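Take a look at the structure below.
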2 protein chains.
Amino acid sequence: MSNQSKPVYLKLRDQIAAAIIDGRYPEGEMLPSVRALAAEQGANPLTVAKAYQQFQNDGLVEVQRGVGMYVADGAARVLRNRERDAFLSEEWPEIRERMDRLGIAPAELLTDA
Amino acid sequence: MSNQSKPVYLKLRDQIAAAIIDGRYPEGEMLPSVRALAAEQGANPLTVAKAYQQFQNDGLVEVQRGVGMYVADGAARVLRNRERDAFLSEEWPEIRERMDRLGIAPAELLTDA
DNA sequence: CGCGCTGTATTATGGCACTGAAGCACTATT
DNA sequence: AATAGTGCTTCAGTGCCATAATACAGCGCG
C-alpha cells in the first residue's frame with residue numbers, strides 16, 4: 001500500500017525515518033551522502049536531497065556543509081512519537097472503520113506474532 | 001490518510017464501494033447518475049465517470065446506455081470479499097509492521113467495540 | 001595549495017496523472 | 001417528432017514528479 005505508486009522522495013523519506021527509529025542510522029552518526037544513497041537506490045541525487053530536506057527543516061538531522069549530515073540527538077524519539085500520534089489520530093480510525101465494514105474480527109489479526 | 005491528498009476519483013470509488021457494501025446502494029437499484037453525483041460532491045462529471053469505470057470493468061455494475069447504471073447481483077458480496085482479502089494480505093502486514101516500529105500494542109486498540 | 005569529498009542552487013526537459021469543457025450517442029417519455 | 005435524461009468520447013490544460021547537466025560553496029587531508 002505504501003510502496004506502490006507513491007512519489008520516490010516520499011518513499012525514501014519513510015524509509016529513512018524507519019531506519020532512524022530502528023537505530024539503523026544511530027544518533028550522532030553520519031547519514032549516507034546524497035550521492036551515495038542515490039546510487040544505492042538507483043535514484044537521482046536531487047530526489048534524495050528532497051527526501052533529506054524535510055528532516056533538516058525539523059531539526060532531526062544536522063548539516064555540516066562540506067562534511068555530511070548527522071542524525072540529531074533525540075531524533076529517534078521525536079520521530080517515533082510524532083508518527084505514533086499521527087497514526088493513532090488519523091490512520092487508525094479509518095482502518096478500524098474499514099475492518100468493521102469488511103467484517104474482520106480483531107481476534108484473527110493477533111494470531112501471528 | 002485516505003481523505004487528504006488522494007485523487008478525487010479514487011476517493012469517490014472507495015466511497016461508492018462502501019455504499020454498495022453497506023447496502024445504501026442496494027443491488028438491482030439504479031446508481032446516482034454521473035451528473036447528479038458530480039453535482040452533489042462538487043466534482044466534475046468526468047471524474048465521477050472515471051470512478052464508476054472500474055466497477056463496470058469488473059461487472060459489478062451494469063450499464064444501460066441512455067438509462068443509467070445498476071448495481072449487479074452479488075456485487076456487495078464480491079466487493080466485500082475482495083476488499084477483505086486485499087486488506088488482510090496487503091495492508092494489514094504493513095500496518096502491523098508500523099505498529100511494531102512505533103511501539104503500539106495491537107491488543108489495546110482492538111479491545112473497544 | 002590541490003584534490004576529493006560533502007551539500008546546494010539553477011535551469012531545462014520529459015512524462016504522467018488529474019481535472020476540466022464541449023459535444024456525441026443512446027433511451028425513455030411525452 | 002420533440003425533449004430531457006442517461007453514459008461516453010475527444011481535445012485540451014494544468015501541475016507534480018523525476019531526471020539531467022552544470023555550476024557553486026564548504027570542509028578535510030596530503
Side-chain angles (χ1 to χ4, degrees), chain A residues 1-17 19-20 24-73 75, chain B residues 1-17 19-20 24-73 75:
Chain A
M1 198 261 270
S2 306
N3 302 342
Q4 47 185 19
S5 58
K6 184 175 196 172
V8 176
Y9 81 98
L10 284 182
K11 284 192 287 191
L12 290 173
R13 186 184 60 77
D14 291 348
Q15 168 182 332
I16 295 162
I20 292 178
R24 299 199 305 277
Y25 292 161
E27 301 187 357
E29 290 293 308
M30 181 174 160
L31 289 163
S33 78
V34 172
R35 291 174 177 83
L37 188 55
E40 174 189 331
Q41 296 289 332
N44 190 288
L46 258 177
T47 305
V48 176
K50 189 172 183 179
Y52 277 144
Q53 188 70 39
Q54 326 224 348
F55 296 107
Q56 304 177 29
N57 299 339
D58 297 346
L60 296 175
V61 307
E62 294 168 356
V63 182
Q64 291 190 20
R65 188 160 180 148
V67 180
M69 306 175 73
Y70 294 82
V71 182
D73 285 353
Chain B
M1 201 264 266
S2 305
N3 301 343
Q4 46 186 18
S5 59
K6 187 173 190 172
V8 175
Y9 80 99
L10 284 182
K11 285 192 288 190
L12 290 173
R13 187 184 62 74
D14 290 347
Q15 169 181 330
I16 294 163
I20 292 178
R24 298 200 306 276
Y25 293 162
E27 301 186 358
E29 289 294 307
M30 180 174 161
L31 289 164
S33 78
V34 173
R35 291 174 178 81
L37 188 55
E40 174 189 331
Q41 297 289 332
N44 190 286
L46 237 181
T47 305
V48 176
K50 189 171 183 180
Y52 277 145
Q53 187 69 39
Q54 326 225 348
F55 296 108
Q56 305 176 29
N57 299 340
D58 296 345
L60 296 175
V61 306
E62 293 168 356
V63 182
Q64 292 188 20
R65 187 160 180 148
V67 181
M69 306 174 72
Y70 294 82
V71 182
D73 285 353

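A quick note: this is a predicted structure, and the numbers were derived from the prediction, not measured. Below, chains carry the letters A, B, ... as their sequence lines are ordered, and counting in each starts from 1.
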With sequence neighbours excluded, residues passing side chain to side chain contact (heavy atoms under 4.5 Å, CB included) with Ala38(B): Pro45(B), Val48(B)
Of the non-hydrogen atoms in Val34(A) and Tyr52(A), which two are nearest, and what is the gap between them?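 Taking Val34(A) first and Tyr52(A) second, the nearest heavy atoms are CG2-CD1, 4.1 Å.
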State, to 0.1 Å, how close Ala36(A) and Ser33(A) come at their nearest heavy-atom pair, and which atoms those are. N-OG, 3.0 Å
Take atom CG of Leu10(B) and atom C1' of dT19(C), then tell me their distance rounded to the nearest Å.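 Distance check: Leu10(B) CG to dT19(C) C1' gives 13 Å.
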Can you tell me the distance, in whole Å, between the CG atom of Leu31(B) and the P atom of dG7(D)? 9 Å
Close residues, residues 60-71 of chain B, relative to DNA chain C [heavy-atom separation under 4.0 Å]: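 Per residue number, the list reads Arg65(B), Gly66(B), Val67(B).
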Please state whether the phosphate of dC18(C), meaning OP1 or OP2, lies under 4.0 angstrom from any side-chain nitrogen or oxygen of Tyr9(B). yes
Under 4.0 Å between a side-chain N or O of Gln56(A) and OP1 or OP2 of dG7(C)?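 It does not, given that no N or O in the side chain of Gln56(A) lies less than 4.0 Å from OP1 or OP2 of dG7(C).
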Salt bridge (Lys or Arg N to Asp or Glu O under 4.0 Å) contacts in which one or both residues fall within residues 30-51 of chain B, not counting sequence neighbours: none
All N/O donor-acceptor pairs, side-chain side in residues 24-32 of chain B, below 3.5 Å, sequence neighbours left out:
residue: Arg24(B); atom: NH1; partner: Asp22(B); partner atom: OD2; Å: 3.0
residue: Glu27(B); atom: OE1; partner: Gly74(B); partner atom: N; Å: 2.8
residue: Glu27(B); atom: OE2; partner: Gly74(B); partner atom: N; Å: 3.3
residue: Glu27(B); atom: OE2; partner: Ala75(B); partner atom: N; Å: 3.3
residue: Glu27(B); atom: OE2; partner: Ala76(B); partner atom: N; Å: 3.2

Please walk me through it: do Gln15(B) and Gln41(B) pass side-chain contact (heavy atoms from CB on, under 4.5 Å)? CA-CA 11 Å; Gln15(B) 169 181 330; Gln41(B) 297 289 332; 3.0 Å; yes
Among residues 35-55 of chain B, which residues get a heavy atom nearer than 4.0 Å to DNA chain D?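 Those residues are Arg35(B), Leu46(B).
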Let me confirm one number: the OG1-CG distance from Thr47(A) to Leu10(A), rounded to the nearest 0.5 Å. 11.0 Å
List the atom pairs, donor and acceptor, that lie under 3.5 Å between side-chain atoms in residues 53-68 of chain B and the rest of the protein, sequence neighbours left out.
residue: Gln53(B); atom: NE2; partner: Asn57(B); partner atom: OD1; Å: 3.4
residue: Asp58(B); atom: OD2; partner: Arg82(B); partner atom: NH1; Å: 2.9

